[in-house]
Amino acid sequence: MNFDFDSFTLFTGIALLVLMIPATYRLATGPTAIDRIVSINIIGTKSAVILVIIGSLFGRVEMFVDFALTYALLNFIGSLAAARYLHKTPPARGQVGEDE
Amino acid sequence: MDRNKTKSSPFYSWLVFGLLMLTWVVFSGFLDAFHLSLGVISCAFVTWISADLLFENRSDGPVARIKQVFRLAGYSVWLVYQIVLANIHLLKLSFIGQRALQPQIVRYECKLKSDFEKFLLANSITLTPGTVTMKIKGDTFYIHAISDVAAEGLDGEMEKRIAKCFES
Amino acid sequence: MWQLETVLLIFLVVAALLSLKVKDLLSASMIFGMYSFVMCLLWAAMGAVDVAFTEAAVGAGVSAVFFIATVYNTKRRSSD
Amino acid sequence: MRLFALIAVFITGGLLLYGTADFPAKGDPHSPANAGVPGTGPSISQYFVTETYNDSKVPNMVTAVLADYRGYDTMFETVVIFAAGMAIFAILRVVKGGRNPGTGIHHRLDKDSSGNGDHYDIIVGTTCKLLIPVIQLFSLYVIAHGHYSPGGGFQGGVILGASFILYAMATNLKASLARFSEQRFMSLACIGILIYAGFGFLSQFLQKNFLEYGVLQKVLLTDGPEMARSHSMLGVEVGVAFTVTAIMFAIYANLSSAGDLENGKGL
Amino acid sequence: MSIFTIIAVVLICVGLLFFLGAAVGIMRFGDFYTRMHAAGKGDTLSSLLVLLGFGVYQLNNFQSFSESWPVLLVILKLIAISAFILLTSPTATHALMDSGWEDGIEPELKNDKPETNALEEDMPQPKQKEAQA
């Protein structure tokens with residue numbers, strides 16, 4: 001049986017990108033700002049995985065794994081900053097945060 | 001959090017340095033003298049600026065620490081099993097069982113003392129099926145549960161396991 | 001590889017348009033974070049590893065924080 | 001007005017796309033940039049690909065190009081970042097006795113941030129405590145291994161600055177300024193540029209050109225000018241990292257507290 | 001096709017299945033708090049499985065400890081990435097849920113169980129809307 005792992009890897013990457021679509025839908029429609037923050041968190045985690053996949057396609061996983069590590073470590077900072085923002089400002093319902 | 005509160009003991013500084021050195025070797029992968037000396041400089045720098053962030057409770061001796069490490073390893077195996085259960089539960093919910101959602105907020109009192117144990121309990125609750133820790137005020141956890149079954153699952157077994165890891 | 005790059009380019013255009021569309025500046029900065037993620041993936045897929053690393057560090061680490069800190073000290077809603 | 005903007009964007013975009021039609025294909029070995037113009041010797045890309053390792057014993061060409069062949073460029077990029085930090089400082093910073101404290105917009109927003117701090121102290125605080133040393137060590141790894149793998153001073157400096165920002169968000173601005181005070185980060189930013197320029201002036205002092213590191217073998221005690229260039233690149237990267245770290249944290253501190261570092265709580 | 005490749009393919013496929021579950025949950029759940037369940041749990045195990053799958057595939061290049069030290073290193077780094085995702089993802093979930101409550105998003109609660117919903121009165125209430133000038 002002839003199995004091409006590289007094609008499988010490419011398929012996996014495209015499948016992960018397609019699975020980003022629900023998160024992008026949440027990012028587009030909201031309804032609140034915090035839904036968007038959640039979807040950004042998800043997209044960041046997926047990006048780390050996709051970077052490893054791209055590394056595997058190039059055959060240089062040992063190089064790309066550093067980027068994935070960067071994402072895994074730093075993705076938290078953006079979410080935390082947004083959470084701190086919402087924690088510190090008065091509730092925004094009905095005034096801002098929701099689109100027309 | 002502030003420097004003067006935790007009394008710095010040489011054992012813990014060396015422990016932090018050793019752990020960071022191990023991490024450096026995993027990151028770097030070069031074992032020649034030049035890179036190892038760079039690693040020693042980097043680890044000494046990180047130990048200097050933020051050694052007090054690791055190991056909140058510095059009263060335990062080395063033997064107690066080693067015991068805790070082994071118990072935590074056993075606990076994490078159980079936790080991974082719970083995470084698998086949680087994902088299967090989520091898969092079921094998102095495809096078939098959406099009408100069975102019964103969201104509710106449950107209060108849970110815990111008896112754990114230190115911050116690290118509370119942190120471990122809260123994160124474990126988040127990772128197990130159907131429950132997410134929303135808020136902690138003192139010893140009270142407010143937990144958002146997704147169904148009745150999940151809410152009844154909070155019977156304190158996890159807390160017992162965590163307490164067992166840290167008893168001396 | 002070209003399939004992956006095509007999908008990434010579509011995501012890039014969608015993210016850029018979305019971040020212009022929303023009026024809430026906090027949401028706009030979050031969507032700009034997605035733009036930066038996709039940009040990093042695209043650089044990586046093209047083989048420009050150093051640029052991709054810079055984009056990863058700046059996009060994930062500090063740029064979102066700077067945007068949010070700026071929004072925190074001004075007002076949250078864009079006027080146009 | 002929006003319609004005109006849209007039309008202008010479409011026309012410009014169309015022209016740019018039309019322009020790309022004349023580009024050589026990606027990675028084309030026969031394009032002028034890669035193969036060189038006939039009759040003028042090898043192109044600069046060929047020179048970098050074949051000679052970088054012989055010149056400086058650095059496997060990662062990008063670092064060699066940035067820190068050695070185009071050292072001026074990188075040095076003044078660092079100065080640009082420094083200038084950006086200084087601009088933010090000059091615009092936002094509230095010096096004591098200047099603007100009346102307590103009237104800035106951040107005080108209005110900050111008034112209800114006291115309650116419910118428990119959550120952040122336990123869960124987020126513990127996670128940040130576990131993460132921050134690892135992030136710092138990773139950033140130092142990125143700086144130190146700029147020769148072998150992608151990375152270098154700028155990326156590592158940004159990650160290191162992000163770790164201080166994370167500490168400031170996990171606790172508050174005052175606690176992080178107790179560790180990394182304003183005086184300290186401002187002087188660190190200057191020291192970084194001085195390290196970079198110092199390597200340049202040192203090589204000029206030893207009867208060579210500015211930033212020509214090969215002559216530094218007498219100072220660095222290495223065998224041969226190649227290793228001197230390699231080690232000088234590492235030193236230069238450390239300088240860049242100092243400046244970038246300090247400026248990233250300075251920008252965060254000034255932005256999040258609206259320049260009032262003494263009283264502002266940060267994000 | 002070696003045994004490591006088979007294990008890798010199986011792990012990656014299972015990971016993709018869990019990613020699919022999380023994505024469908026984010027799309028279909030009606031309430032912010034239930035969506036957080038999908039986001040907080042779904043991404044941890046699935047990314048862990050996919051990363052471990054690629055780690056197992058790297059074992060194909062493994063010959064001996066002295067020669068294949070970089071391969072082991074890649075696997076250790078992949079495990080480190082999984083550990084950091086496992087650490088930060090629930091924390092981000094807590095922080096965002098707490099912020100959502102403070103921001104005044106009303107949870108959809110089940111109404112026919114008064115004994116559990118009564119506990120809600122103990123909760124710190126969402127801050128009232130403030131009329132901004």
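Heavy-atom basis, side chains included; hydrogens, waters and symmetry copies ignored. Letters A, B, ... mirror the listed sequences (proteins, then strands); counts begin at 1.
- Using a distance-only test at 3.5 Å, with no hydrogens or angles considered, no donor-acceptor pair links the side chain of A/Ser56 to the main chain of A/Val52.
- Contacts with chain C (heavy atom to heavy atom, under 4.5 Å) involve these residues of residues 70-79 of chain A, listed by number: A/Thr70, A/Tyr71, A/Leu74, A/Asn75, A/Ile77, A/Gly78.
- Heavy-atom pairs under 4.5 Å with chain C peak, among A/Asp66, A/Ile53, A/Leu51, at A/Leu51.
- Residues in residues 45-66 of chain A take part in these ring-ring contact (aromatic ring centres under 6.0 Å, His included) pairs, two or more places apart or across chains: A/Phe58-A/Phe64, A/Phe64-A/Phe67.
- C/Val14 touches chain A through its side chain: at least one heavy atom from C-beta onward sits under 4.5 Å away, while N, CA, C and O do not.
- Smallest separation of non-hydrogen atoms from C/Ala28 and C/Ser19: CB-O, 3.9 Å.
- Using a 4.5 Å heavy-atom threshold, the side chains of A/Lys46 and A/Ile42 count as touching.
- For C/Leu18, the part lying near chain A is the side chain, with the backbone staying farther off; criterion is any non-hydrogen pair under 4.5 Å.
- Using a distance-only test at 3.5 Å, with no hydrogens or angles considered, no donor-acceptor pair links the side chain of C/Ser27 to the main chain of C/Lys23.
- Only the side chain of A/Ile54 comes within contact range of chain C, judged by heavy atoms closer than 4.5 Å.
- When C/Val7, C/Leu4, C/Val62 are compared by the number of non-hydrogen pairs under 4.5 Å with chain A, C/Leu4 comes out ahead.
- With a 4.5 Å cut-off on non-hydrogen atoms, A/Leu57 touches chain C through its side chain but not through its backbone.
- Proximity to chain C involves both the backbone and the side chain of A/Ile21, based on heavy atoms less than 4.5 angstrom apart.
- Counting only residues at least two apart or on different chains, no salt bridge (Lys or Arg N to Asp or Glu O under 4.0 Å) pair has a member in residues 57-67 of chain C.
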Identify each donor-acceptor pair in which a side-chain atom of residues 29-55 of chain C lies under 3.5 Å from a protein atom, sequence neighbours left out, and give them as a table.
from: C/Ser29; atom 1: OG; to: C/Leu25; atom 2: O; distance (Å): 3.4
from: C/Ser29; atom 1: OG; to: C/Leu26; atom 2: O; distance (Å): 2.7
from: C/Asp50; atom 1: OD2; to: D/Gly151; atom 2: N; distance (Å): 3.4
from: C/Thr54; atom 1: OG1; to: C/Asp50; atom 2: O; distance (Å): 2.9
from: C/Thr54; atom 1: OG1; to: D/Gln155; atom 2: NE2; distance (Å): 2.9

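- A/Val38 places none of its side-chain heavy atoms less than 4.5 Å from the side chain of A/Arg26.
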Show your reasoning for whether side-chain contact (heavy atoms from CB on, under 4.5 Å) applies to A/Ile37 and A/Leu86. CA-CA 11 Å; A/Ile37 301 164; A/Leu86 292 172; 3.9 Å; yes
